[in-house]
Amino acid sequence: MPLSFYQSEDVLGIAKGLLGKQLWTNIDGVLTAGTIVETEAYRGIDDKASHAYKGLLTDRTSTMYQLGGIAYIYLCYGIHSLFNVVTGPKGTPHAVLIRAIEPVKGLDMMLQRRKMDILKPNITRGPGAMTQAMGISRAFNASNLQDNSIWIAETNFNMVQQEIVACPRIGVAYAGEDALLPWRFYLKGNVYVSRPIKGNG
DNA sequence: CCAGGGATGGACT
DNA sequence: GTCCATCCCTGGT
């Protein structure tokens, strides 16, 4: 995607706009890709669920304050690398968490990385599973999405016939009332979505 | 220095 | 549904 896509201040719009686009990685020359089907927006210093709430600026969160268009990757629960797209102008720590993709390229490598024998939806369902399948580790934190390691591509995916569900984010109970904000977005009915809302596919 | 906790996923009942 | 591995980050001492 062009740099301008990432530099909008409308992180909610970017989170929705990333649905249907393709996330690509080139790890040691091996290509993998998948269609983004689930995202969450984290809106900088105003958002109690954000790592940058109240303007928190540490070694870890400093990545979020850079100019939009880079990766913010951090370790969650000591085990999982979670991948975010940093958005907005420099100094505005907005980010979009990519929670799930639908594989489109490099399935054999994804299976190998996930230690799976056959394709099941949980291969890329959930933010930790997705990064493992794509070979995304913290080594790529702050990498530029215009480079050739991790990037996002426009597609001919037909979003017109897709219904987008907006609902509260996952695992942010610590955020008080902000935990109720409908800042999670996913493609209704897609089997790779990590935790569909009952009655919404 | 150290305690507490986390934007999860997999195994198990 | 429950349990918990695993380790970095943060804030307080």
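First the proteins, then the strands, lettered A, B, ... as listed; each starts at 1.
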Engineer: Nearest whole Å is fine: how far is dG12(C) P from Leu56(A) CG?
Structural biologist: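 After rounding, the reported distance stands at 11 Å.
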Engineer: Looking only at atom types and distance, does a side-chain atom of Thr155(A) sit under 3.5 Å from a main-chain N or O of Gly20(A), one as donor and one as acceptor?
Structural biologist: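 A pair under 3.5 Å: yes.
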Engineer: Using a heavy-atom cut-off of under 4.0 Å over every strand shown, decide if Arg184(A) touches base, sugar-phosphate, or nothing.
Structural biologist: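 Since no nucleic acid heavy atom lies under 4.0 Å of Arg184(A), the category is nothing.
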Engineer: Could you please name the option among dT10(C), dG9(B), dA7(B) that lies closest to any side-chain atom of Thr61(A)?
Structural biologist: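 Nearest to the side chain of Thr61(A) among the choices is dT10(C).
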Engineer: Can a side chain N or O of Arg60(A) be found less than 4.0 Å away from OP1 or OP2 on dC8(C)?
Structural biologist: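 No, because none of the side-chain N or O atoms of Arg60(A) sits under 4.0 Å from OP1 or OP2 of dC8(C).
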Engineer: For Arg138(A) and for His80(A), locate the closest nucleotide of DNA chain C by heavy-atom distance; then report the residue assigned to the nucleotide nearer the 5' terminus.
Structural biologist: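 This one resolves to His80(A).
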Engineer: List the steps, then state whether side chain to side chain contact (heavy atoms under 4.5 Å, CB included) holds for Tyr192(A) with Ile123(A).
Structural biologist: CA-CA 8 Å; Tyr192(A) 293 93; Ile123(A) 189 170; 4.2 Å; yes
Engineer: Could you tell me if Thr25(A) and Thr32(A) have a donor-acceptor pair between their side chains, going purely by distance under 3.5 Å?
Structural biologist: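 Their side chains do contain a donor-acceptor pair, which is all the 3.5 Å distance test asks for.
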Engineer: Determine, step by step, whether Arg114(A) and Gln132(A) satisfy the side chain to side chain donor-acceptor pair (under 3.5 Å) criterion, reporting the C-alpha distance in whole Å, the side-chain angles of both residues, the deciding distance to 0.1 Å, and the verdict.
Structural biologist: CA-CA 7 Å; Arg114(A) 294 278 289 135; Gln132(A) 187 177 13; 3.0 Å; yes
Engineer: Using a heavy-atom cut-off of 4.0 Å across all strands, would you classify Arg195(A) as base, sugar-phosphate, or nothing?
Structural biologist: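 The residue Arg195(A) makes no contact with any strand.
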Engineer: Applying the Watson-Crick and G-U wobble criteria at under 3.5 Å, what pairs with dT6(C)? Answer none if nothing qualifies.
Structural biologist: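 Because no pair has both required distances under 3.5 Å, dT6(C) counts as unpaired.
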Engineer: Mind calculating the distance between CD1 (Ile136(A)) and C1' (dA7(B)) to the nearest angstrom?
Structural biologist: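 Those two atoms, CD1 and C1', are 15 Å apart.
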Engineer: How close or far is atom C1' of dC9(C) from atom CG of Leu82(A), stated in whole angstroms?
Structural biologist: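 Between C1' of dC9(C) and CG of Leu82(A): 14 Å.
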Engineer: Over how many whole Å does the gap from Lys115(A) atom NZ to dA11(B) atom P extend?
Structural biologist: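 It works out to 12 Å between those atoms.
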Engineer: Counting heavy atoms from C-beta on, name the nucleotide in dT10(C), dC8(C), dA7(B) closest to the side chain of Leu75(A).
Structural biologist: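 In terms of side-chain proximity for Leu75(A), the closest of dT10(C), dC8(C), dA7(B) is dC8(C).
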Engineer: With the side chain of Tyr77(A) defined as its heavy atoms from C-beta on, choose the nearest nucleotide among dC8(C), dT8(B), dA7(B).
Structural biologist: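 For the Tyr77(A) side chain, the nearest candidate turns out to be dT8(B).
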Engineer: Go through the steps to decide whether Glu38(A) and Ser194(A) satisfy the test side chain to side chain donor-acceptor pair (under 3.5 Å), and finish with yes or no.
Structural biologist: CA-CA 8 Å; Glu38(A) 180 182 354; Ser194(A) 63; 2.8 Å; yes
Engineer: Would you say a side-chain N or O of Arg99(A) is under 4.0 Å from OP1 or OP2 of dT8(B)?
Structural biologist: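 Answer is yes, contact under 4.0 Å.
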Engineer: Counting only side-chain heavy atoms from C-beta out, which of dA7(B), dA5(C), dG9(B) sits nearest to Ala129(A)?
Structural biologist: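 Looking only at heavy atoms from C-beta outward on Ala129(A), the closest nucleotide is dG9(B).
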Engineer: For dA7(B), give the paired nucleotide (Watson-Crick: N1-N3 plus N6-O4 or O6-N4; G-U: N1-O2 and O6-N3; both under 3.5 Å), or none.
Structural biologist: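 Its partner is none (no Watson-Crick or G-U wobble pair with both distances under 3.5 Å).
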Engineer: Looking only at side-chain N and O atoms, does His51(A) come under 4.0 Å of OP1 or OP2 in dC9(C)?
Structural biologist: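 No, His51(A) has no side-chain N/O under 4.0 Å of OP1/OP2 on dC9(C).
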Engineer: What's the closest nucleotide to the Asn122(A) side chain, out of dA7(B), dC8(C), dG10(B)?
Structural biologist: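 Between dA7(B), dC8(C), dG10(B), the one nearest the side chain of Asn122(A) would be dG10(B).
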Engineer: Quickly work out the Leu57(A) CG to dT10(C) C1' distance and round it to whole Å.
Structural biologist: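 Checked: the CG to C1' distance equals 13 Å.
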Engineer: For the pair made of CE in Met130(A) and P in dG10(B), what is the distance, rounded to whole Å?
Structural biologist: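 That distance rounds to 14 Å.
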Engineer: Without decimals, in angstroms, what is the distance between Tyr74(A) OH and dT8(B) P?
Structural biologist: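 About 6 Å, once rounded to whole Å.
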Engineer: Do we count Tyr174(A) as stacking onto dG5(B) if the rule is ring centres under 5.5 Å and planes under 30°?
Structural biologist: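 No, Tyr174(A) does not stack on the base of dG5(B).
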Engineer: Let me know the distance between CZ of Arg169(A) and C1' of dG6(B), rounded to the nearest Å.
Structural biologist: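 Value for this atom pair: 15 Å.
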Engineer: Check the angle between the aromatic planes of Trp151(A) and Trp24(A) and answer parallel, tilted or perpendicular using the 30° and 60° thresholds.
Structural biologist: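 Aromatic pair Trp151(A)/Trp24(A) classed parallel.
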Engineer: Indicate whether OP1 or OP2 belonging to dT10(C) is found under 4.0 Å from a side-chain N or O atom of Thr58(A).
Structural biologist: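 True: Thr58(A) side-chain N/O within range (under 4.0 Å) of dT10(C) OP1/OP2.
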Engineer: Strictly below 4.0 Å: does Arg125(A) bring a side-chain N or O up to OP1 or OP2 of dG9(B)?
Structural biologist: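 Indeed not, no polar side-chain atom of Arg125(A) lies that close.
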